[in-house]
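Residue numbers count from 1 along this sequence.
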Amino acid sequence: MTEIRLQPLSEQHLEPLRRMLDDPVTVRFTRVPDPVPDGFEHQWYAGYVAGRAEGTREVFAVLEDDAFLGIGVAPDISRSERTVELGYIVDAAQRGRGVATATLLGLTHWAFAELDPVRVELLISEANAASKAVARRCGYTYEGTLRSKFMKAGVWEDTTVWSRLAGE
């Protein structure tokens with residue numbers, strides 16, 4: 001794999017993003033509604049554009065050369081609490097190549113360099129072994145499990161909390 005880069009997500013990335021939402025693993029392990037509503041990517045993107053303007057959210061396209069590999073997100077930036085939540089989605093065809101690890105390392109570097117948080121955190125489904133392995137590889141510490149945090153397919157799901165602190 002060549003080096004990836006994070007570029008602010010724009011409208012040109014919405015079609016490959018929409019295609020990623022056809023993947024059942026993506027829907028299963030993200031906060032994307034199941035079933036995915038028609039045009040969801042436009043509504044979701046509009047929320048991130050508003051959050052970008054307010055400084056409370058950010059979203060990046062993950063690119064290798066010009067190929068779209070996925071997205072990296074900061075769905076919650078709290079400047080008053082100096083915390084940032086991060087996440088990522090890798091296109092199904094790109095999994096297993098280290099894209100998730102490279103994305104999370106890039107996001108983590110960006111968050112600490114640009115936002116000056118004390119704490120960066122990940123919320124990962126208890127059932128998502130692959131993402132928990134990525135968190136470990138990227139130096140995140142498992143802190144515990146939030147029981148029945150999110151609902152997916154009508155079932156309340158446990159969510160693990162991972163963090164890195166400034167200076168780690």
Side-chain angles (χ1 to χ4, degrees), residues 6 9 13-14 16-52 56-62 68-78 81-108 110-111 115 117-165 168:
L6 303 176
L9 193 80
H13 303 115
L14 292 185
L17 173 62
R18 189 206 55 74
R19 287 192 304 267
M20 281 191 352
L21 299 178
D22 291 337
D23 173 38
V25 173
T26 294
V27 175
R28 166 70 178 91
F29 289 125
T30 65
R31 295 179 209 159
V32 172
D34 186 6
V36 180
D38 288 339
F40 172 78
E41 69 278 7
H42 294 282
Q43 175 187 4
W44 178 87
Y45 176 64
Y48 272 89
V49 168
R52 183 180 283 157
T56 59
R57 299 174 120 189
E58 185 55 85
V59 59
F60 299 96
V62 178
F68 181 87
L69 307 180
I71 60 170
V73 297
D76 186 14
I77 299 169
S78 176
E81 294 177 11
R82 293 186 62 199
T83 62
V84 178
E85 180 190 348
L86 298 178
Y88 51 86
I89 303 172
V90 175
D91 185 87
Q94 303 300 326
R95 293 184 190 135
R97 303 187 324 122
V99 174
T101 299
T103 299
L104 182 54
L105 287 172
L107 283 171
T108 302
W110 165 81
L115 304 174
V118 170
R119 171 188 176 83
V120 175
E121 62 187 18
L122 309 171
L123 299 178
I124 302 171
S125 168
E126 177 61 42
N128 193 340
S131 274
K132 292 189 288 186
V134 168
R136 277 187 214 92
R137 279 193 298 277
C138 292
Y140 282 76
T141 299
Y142 168 73
E143 292 187 337
T145 301
L146 302 171
R147 298 181 313 154
S148 297
K149 176 71 174 167
F150 297 110
M151 183 179 283
K152 276 311 243 192
V155 176
W156 286 101
E157 180 173 272
D158 293 348
T159 300
T160 60
V161 180
W162 299 75
S163 70
R164 276 189 58 180
L165 304 179
E168 289 186 334

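Residues Leu115 and Glu58 are not in side-chain contact: their nearest non-hydrogen atoms beyond the backbone lie 4.5 Å or more apart. No side-chain heavy atom of Asp91 sits under 4.5 Å from any side-chain heavy atom of Phe68. Looking only at side-chain heavy atoms (C-beta outward), Thr159 and Thr145 stay at 4.5 Å or farther from each other. Under the 4.5 Å side-chain criterion, counting only non-hydrogen atoms from C-beta, Arg136 is in contact with Trp162. Counting only heavy atoms from C-beta outward, the side chains of Val90 and Val62 never approach each other to under 4.5 Å. Side-chain contact between Leu122 and Tyr140 is present, with heavy atoms from C-beta onward closer than 4.5 Å. Between Glu41 and Val36, every side-chain heavy-atom pair lies at or beyond the 4.5 Å cut-off. Side chains of Leu21 and Trp44 form no contact here, defined as non-hydrogen atoms less than 4.5 Å apart.
Each of Lys132, Lys149, Glu157 was checked for a side-chain hydrogen bond (donor to acceptor under 3.5 Å, both in side chains) with Ser125, and the lone residue meeting it is Glu157. Tested against Ile71, the residues Ile89, Thr103, Thr30 include a single side chain to side chain contact (heavy atoms under 4.5 Å, CB included) partner, Ile89. Considering Leu69, Leu104, Leu6 in turn, Leu104 is the only one that fulfils the side chain to side chain contact (heavy atoms under 4.5 Å, CB included) rule with Tyr88.
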Discussion item. Let's go through Val27 and Lys152 carefully: what are the C-alpha distance in whole Å and the side-chain angles of both, what is the deciding distance for side-chain contact (heavy atoms from CB on, under 4.5 Å) to 0.1 Å, and is it a yes or a no?
Written reply: CA-CA 9 Å; Val27 175; Lys152 276 311 243 192; 4.2 Å; yes

Discussion item. Before you tell me yes or no, could you show the steps for Val120 and Thr83 under side-chain contact (heavy atoms from CB on, under 4.5 Å), namely the whole-Å CA-CA distance, both residues' side-chain angles and the distance that decides it to 0.1 Å?
Written reply: CA-CA 6 Å; Val120 175; Thr83 62; over 6 Å; no

Item to complete: Applying side-chain contact (heavy atoms from CB on, under 4.5 Å), run through Val84 and Ser78 and close with a yes or a no.
Response: CA-CA 6 Å; Val84 178; Ser78 176; over 6 Å; no

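The pair Asp23-Arg19 does not meet the salt-bridge criterion, since no charged nitrogen lies less than 4.0 angstrom from a carboxylate oxygen.
Pro117 and Ala111 make their closest contact through CD-O, 3.1 Å (heavy atoms, listed as atom of the first residue, atom of the second, distance). The heavy-atom pair separating Pro75 from Arg57 by the smallest distance is O-NE, 3.3 Å. When all heavy atoms are compared, the tightest approach of Met20 to Gly70 is SD-CA, 3.7 Å.
No more than 12 heavy atoms of other residues, nucleotides or ligands lie within 6.0 Å of CG in Asp38, so this atom counts as exposed by the packing criterion.
Formation of a donor-acceptor pair under 3.5 Å by the Thr160 side chain with backbone atoms of Ile124 is found in this model. For Arg164 (side chain) and Cys138 (main-chain N/O), a donor-acceptor pair under 3.5 Å exists by modelled atom type.
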